[in-house]
Enquirer: 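First, the structure itself, so that you have it in front of you.
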Amino acid sequence: MAMVSMRQLLDEAAAGGYGVGAFNVNNMEQIQAIMEAARATSSPVIIQASRGAREYSNDRFLYHLMLAATELYPEIPVALHQDHGNSPATCFSAIDLGFTSVMMDGSLLEDHKTPSDFEYNVGVTREVVERAHAVGVTVEGELGTLGGLEDGVGSGEIHLTDPDQAVEFVERTGVDALAVAIGTSHGAYKFTRKPDREVLAMNVIEEIHQKLPDTHLVMHGSSSVPKHLVDIINEYGGAIKPTWGVPVEEIQLGIKHGVRKINVDTDSRLAMTGAIRKAMAEKPEEFDPRYYLKPARAAMQKVIEERMNGFGQAGHAGDYEPRSLDEMRDFYAAAVH
Ligand code: G3H
Ligand code: 13P
Ligand code: ZN
């Protein structure tokens, strides 16, 4: 199966009432972990690469690993997505490379730190939508800013998404999916206690979904940061402070209110790091990287299978025939936006 359009994945998820995990990758083992999890649970899936991932791996390596994944797992619909594009140029280079979906994150300026204004965001996002839709590629935009600076992404100031502004943003840009800010942040340190409605504004999602029932909503910073994964890291010499992530039940509530794409990176990182620390501590005489990368890959696969089951995408891999990007181009050309 070729890589499929993220728009189609999300439209199908909306029709089926489920969410789709968008998992970040930087290397072969992570792509393998996700594809094995998708096969084990029969899930459609979104694989995404940040700018940092593209730089780390040299993005042609990542792209060709993805082609290998579609060859080896022909039964799995998979979209390849640019996570947090900081400029139209970044998004265009992803489109040129063969990504089937891009995020233009115009909530921040190109430095990816300074919050932008609404008109800037509309302008850059619209520019990307025009060029992407002309070749059948999906676009995610973001309105409002995430909190948190742990991973170097984000403004550090949280501006929750304004539902009325969201309506104007979607009308003026024509985005397929909208990332909303509801109080989450990237990285492991999201909340200092189990989040309640004071710090996790699920009501914002409900309100936006009422106003924009046909727009696919995206939750960023959606790792759950399970205590058992943090405990393994700390048991084997790590130093992760007590912390809370986004509980899967809250994500499930979001899915009831239009959330279709759920971004998860930190949980994979925690799972791999814990497994590597444990393997190295248990056999310090080992030096073959396969000795610790195999359990790391297996640990990532396990947490991703749990998320695929939790988000409801499990069992849906065979529901539909993927449409080509040419078909998606015609679909966009026929739509008025
Ligand atoms: O956007 C945040 C993702 O976790 C990617 O992080 O920029 O360190 O690759 P990164
Ligand atoms: P986490 O850090 O919660 O995994 O979020 C990842 C993300 O939003 C990538 O865009
Ligand atoms: Zn994000």
Side-chain angles (χ1 to χ4, degrees), residues 6 19-27 30-31 33-34 45-59 61-62 79-87 90-91 94 99 101-108 110-113 115 140-156 158-159 161 177-191 195 199-200 217-226 229-230 240 243-248 250-251 254 259-273 300 303-304 306-308 310-311:
M6 190 172 89
V20 182
F23 303 104
N24 287 76
V25 298
N26 299 274
N27 64 20
Q30 292 176 316
I31 293 175
I34 295 166
V45 70
I46 300 160
I47 294 189
Q48 58 188 7
S50 68
R51 274 190 307 142
R54 288 180 59 190
E55 199 183 329
Y56 169 81
S57 61
N58 182 318
D59 49 15
F61 273 116
L62 268 193
L80 179 56
H81 174 75
Q82 164 79 58
D83 190 24
H84 291 284
N86 64 321
S87 64
T90 298
C91 295
F99 283 44
S101 178
V102 292
M103 176 184 193
M104 176 60 237
D105 182 357
S107 70
L108 302 171
E110 200 168 333
D111 66 6
H112 222 48
K113 286 191 173 58
E140 173 185 341
E142 174 164 327
L143 189 61
T145 54
L146 304 182
L149 279 169
E150 292 94 0
D151 55 5
V153 174
S155 66
I158 298 179
H159 297 282
T161 307
L178 181 68
V180 292
I182 56 166
T184 66
S185 52
H186 291 125
Y189 302 106
K190 301 182 194 302
F191 304 111
V199 290
L200 186 59
L217 303 181
V218 183
M219 278 175 71
H220 280 248
S222 290
S223 278
S224 303
V225 193
L229 293 183
V230 170
I240 310 268
T243 178
W244 274 263
V246 183
V248 172
E250 298 291 348
I251 296 168
V259 170
R260 299 293 160 229
K261 173 173 182 277
I262 304 108
N263 282 18
V264 172
D265 185 359
T266 296
D267 285 351
S268 304
R269 294 177 175 189
L270 293 170
M272 289 190 96
T273 298
M300 177 166 163
V303 73
I304 288 181
E306 288 164 9
R307 295 297 169 272
M308 287 172 162
F311 301 160

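Positions are given from 1 along the sequence. Atoms within a ligand are numbered from 1 in the order they appear, just like the ligands themselves.
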Enquirer: Consider side chain to side chain contact (heavy atoms under 4.5 Å, CB included). Of K261, M6, H220, Q48, which one does M103 pass it with?
Expert: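 Exactly one option meets the side chain to side chain contact (heavy atoms under 4.5 Å, CB included) with M103, and it is H220.
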
Enquirer: Which ligand 2 atoms, with their elements, are less than 4.0 angstrom from a heavy-atom of G187?
Expert: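 Counting atoms of ligand 2 from 1, those under 4.0 Å from G187 are 2 (O).
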
Enquirer: Which of the numbered atoms in ligand 2 are under 4.0 angstrom from any heavy atom belonging to H186?
Expert: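 So the answer, numbered in order with elements, is 2 (O), 5 (O), 6 (C), 7 (C), 8 (O), 9 (C), 10 (O).
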
Enquirer: Are any of the side-chain heavy atoms of I31 and L62 separated by less than 4.5 Å?
Expert: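 Side chain of I31 against side chain of L62, heavy atoms only: contact under 4.5 Å found.
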
Enquirer: Considering only heavy atoms, does D83 approach ligand 2 within less than 4.0 Å through its side chain, its backbone, both, or neither?
Expert: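 Side chain only.
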
Enquirer: Which ligand 2 atoms are under 4.0 Å away from a heavy-atom of V264?
Expert: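 Near V264, meaning under 4.0 Å from one of its heavy atoms, ligand 2 has 4 (O).
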
Enquirer: Can you find an N or O of D267 that's nearer than 3.5 Å to an N or O of ligand 2?
Expert: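 No, there is no polar N/O contact under 3.5 Å.
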
Enquirer: Looking at A181 and G144, what are the two nearest heavy atoms and their distance?
Expert: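 Taking A181 first and G144 second, the nearest heavy atoms are CB-C, 3.8 Å.
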
Enquirer: Shortest non-hydrogen contact from D267 to V303?
Expert: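 Minimum heavy-atom separation between D267 and V303: O-CG1, 4.0 Å.
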
Enquirer: With heavy-atom distances below 4.5 Å as the criterion, would you say the side chains of L200 and I182 are in contact?
Expert: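 They are in side-chain contact.
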
Enquirer: Give the contacting part of V246 toward ligand 2: side chain, backbone, both or neither, where contact means a heavy-atom distance below 4.0 Å.
Expert: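 No part of V246 is near ligand 2 at this cut-off.
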
Enquirer: Nearest 10° is fine: what angle sits at the Zn ion (ligand 3) between ND1 from H220 and NE2 from H84?
Expert: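 Value, to the nearest 10 degrees: 90°.
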
Enquirer: Looking only at heavy atoms of R51, does any of them come nearer than 4.0 Å to an atom of ligand 1?
Expert: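 The answer is no, since R51 has no heavy atom less than 4.0 Å from ligand 1.
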
Enquirer: Can you tell me if T145 uses its side chain to pair, donor with acceptor, with the backbone of H159 under 3.5 Å?
Expert: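 At least one qualifying donor-acceptor pair exists.
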
Enquirer: Examine the proximity of ligand 1 to R269 and report which part, side chain or backbone, both or neither, has a heavy atom under 4.0 Å away.
Expert: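 Side chain only; the backbone of R269 stays clear of ligand 1.
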
Enquirer: What atoms of ligand 2 come closer than 4.0 angstrom to any heavy atom of H220?
Expert: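 So the atoms of ligand 2 that pass are 8 (O), 10 (O).
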
Enquirer: Quick check on contacts: which atoms of ligand 2 are under 4.0 angstrom from a heavy atom of G221?
Expert: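 In order of numbering, the contacting atoms are 1 (P), 3 (O), 5 (O), 7 (C), 8 (O).
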
Enquirer: Heavy atoms only: which of T266, D105, D265 lies closest to atom 5 (C) of ligand 1?
Expert: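 Shortest heavy-atom distance from atom 5 (C) of ligand 1: D265.
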
Enquirer: Main chain of W244, side chain of K190: is a donor-acceptor contact present, judged purely on distance under 3.5 Å?
Expert: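 Here the side-chain-to-backbone pair does not exist.
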
Enquirer: Below 4.0 angstrom from a heavy atom of H84, which ligand 2 atoms are there? Numbered from 1 as shown, please.
Expert: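 Matching atoms, with element in brackets: 10 (O).
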
Enquirer: What I'd like to find out is whether the side chain of Q82 reaches to under 4.5 Å of the side chain of R51, using heavy atoms alone.
Expert: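 In contact.
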
Enquirer: Taking the side chain as C-beta and beyond, is there a heavy-atom pair between F191 and V246 under 4.5 Å?
Expert: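 They are in side-chain contact.
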
Enquirer: Report yes if the side chains of N26 and S57 come closer than 4.5 Å at any heavy-atom pair, otherwise no.
Expert: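 Not in contact.
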
Enquirer: Record the part of A188 in heavy-atom contact with ligand 2 below 4.0 Å; permitted values are side chain, backbone, both and neither.
Expert: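 No part of A188 comes within reach of ligand 2.
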
Enquirer: Within the structure, is a non-hydrogen atom of R269 found at a distance of less than 4.0 Å from ligand 2?
Expert: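 It does not, in that no heavy atom of R269 comes within the 4.0 Å cut-off of ligand 2.
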
Enquirer: List every atom of ligand 2 that sits less than 4.0 Å from any heavy atom of K190, numbering the atoms from 1 in the order shown and giving each element.
Expert: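 What qualifies from ligand 2 is 1 (P), 2 (O), 3 (O).
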
Enquirer: Think R307 forms a cation-pi with F23, using NZ or CZ under 6.0 Å from the six-ring centre and within 45 degrees of its axis?
Expert: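 No.
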
Enquirer: Answer yes or no: does an N/O atom from N26 fall short of 3.5 Å to an N/O atom of ligand 1?
Expert: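 N26 vs ligand 1: no N/O contact under 3.5 Å.
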
Enquirer: Please identify which atoms of ligand 1 are closer than 4.0 Å to at least one heavy atom of N24.
Expert: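 So the answer, numbered in order with elements, is 3 (C), 5 (C).
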
Enquirer: If the cut-off is 4.0 Å to any non-hydrogen atom of N24, which atoms of ligand 2 fall inside it?
Expert: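 With N24 as reference, the close atoms of ligand 2 come out as 9 (C).
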
Enquirer: Within a distance under 4.0 Å of any heavy atom of D83, pick out the atoms of ligand 1 and give their elements.
Expert: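 Answer for ligand 1: 1 (O), 3 (C).
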
Enquirer: Among side-chain atoms of E110 and N86, is any donor-acceptor pair under 3.5 angstrom?
Expert: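 There is no such pair (donor and acceptor under 3.5 Å, judged by atom type) between the side chains of E110 and N86.
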
Enquirer: Between M300 and S268, is there a side-chain heavy-atom distance shorter than 4.5 Å?
Expert: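 A side-chain contact under 4.5 Å exists here.
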
Enquirer: Regarding atom 1 (P) of ligand 2: of the candidates I262, L146, T266, which has the closest heavy atom?
Expert: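 Result: the heavy atom closest to atom 1 (P) of ligand 2 is in T266.
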
Enquirer: Counting each atom of ligand 1 from 1 as listed, which ones have a heavy atom of H84 under 4.0 Å away?
Expert: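 Heavy-atom distances to H84 below 4.0 Å select 1 (O).
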
